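Below: the structure, in structure tokens.
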Amino acid sequence: MKAIYTRRSIRKYAPEPVPRDMLRDFVRAGMNAPSAGDQQPWHFVVVTERSLLDAVPSFHPHAKMLLEAPAAIVVCGEPALEKHKGYWVQDCSAATQNILLAAHAKGLGAVWVGIYPKEERVKPLQKLLELPTQVIPLALVPVGIPAERVPPANRFDPARIHRNRW
Ligand SMILES: Cc1cc2nc3c(=O)[nH]c(=O)nc-3n(C[C@H](O)[C@H](O)[C@H](O)COP(=O)(O)O)c2cc1C
């Protein structure tokens with residue numbers, strides 16, 4: 001509960017690299033997400049090459065933090081792996097949220113950078129990372145040692161709770 005209530009998007013990072021084992025742990029957290037019929041239609045691309053990270057803001061208007069980030073995990077879906085058609089986005093979203101919470105729980109900062117369904121982000125990222133055409137990047141998650149503090153948010157709104165019927 002503490003991790004859920006204190007997680008915020010972190011967009012400034014110290015230059016130190018993120019240990020390889022930690023990045024692996026975050027991917028493991030992603031792979032532990034629920035998915036429709038346990039179909040796990042995902043792939044994860046762990047990006048640490050400076051030139052690749054630096055290229056993202058050239059086609060993504062809200063990704064300037066990549067210029068500072070020492071690493072990023074790209075969460076991708078492969079619809080051909082679906083047993084239950086149409087659920088890959090929800091499955092990969094659950095994986096993305098697991099990665100955000102895992103990073104925060106380990107004291108690292110991260111942010112969900114949206115890719116799919118925007119074609120003008122999907123296509124250049126597929127090209128940059130040499131993804132097969134059937135593999136669709138859903139989200140990119142930069143991770144690094146936080147260089148900013150963002151206070152917890154309280155978004156609880158009882159007006160959005162409906163009991164039994166609307
Ligand atoms: C689907 C999705 C796409 C997002 N895309 C971006 C993005 O492209 N760039 C960015 O800086 N933040 C992005 N965010 C992060 C949101 O701006 C952030 O989660 C929201 O403002 C709430 O703030 P918090 O994460 O600090 O609680 C995205 C979040 C989601 C869920």
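No experiment lies behind these values; they were computed from the predicted model shown. Order of appearance sets the numbers: ligands from 1, and atoms from 1 within every ligand. Values below: all heavy atoms of this structure, side chains included; hydrogens, waters and symmetry mates excluded.
- A heavy-atom distance below 4.5 Å is found between the side chains of L140 and V56.
- At a heavy-atom cutoff of 4.0 Å, ligand 1 is contacted by no atom of V150, backbone or side chain.
- Comparing P61, G114, S9 against atom 18 (C) of ligand 1, the shortest heavy-atom distance belongs to S9.
- The shortest non-hydrogen separation linking A69 to P142 is CB-CB, 3.8 Å.
- Among R11, R7, M65, the residue whose heavy atom sits closest to atom 16 (C) of ligand 1 is R11.
- Remark: side-chain polar atoms of D91 are not paired, donor with acceptor, to backbone N or O of Q39 under 3.5 angstrom.
- The closest approach between a heavy atom of V113 and any atom of ligand 1 is below 4.0 Å.
- In this structure, the side chains of F156 and Y5 stay at 4.5 Å or more apart for every pair of heavy atoms.
- The minimum heavy-atom distance linking A95 with W42 is given by the pair CB-CE3, 3.9 Å.
- Judged by distance alone, with hydrogens and angles left aside, the side-chain atoms of K83 form a donor-acceptor pair with the main-chain N or O of G37 at under 3.5 Å.
- In terms of protein heavy-atom proximity, atom 31 (C) of ligand 1 is nearest to W112 CD2, 3.7 Å.
- Within the 4.0 Å heavy-atom criterion, neither part of K118 lies near ligand 1.
- Inside a 4.0 Å radius of atom 1 (C) of ligand 1 there is at least one protein heavy atom.
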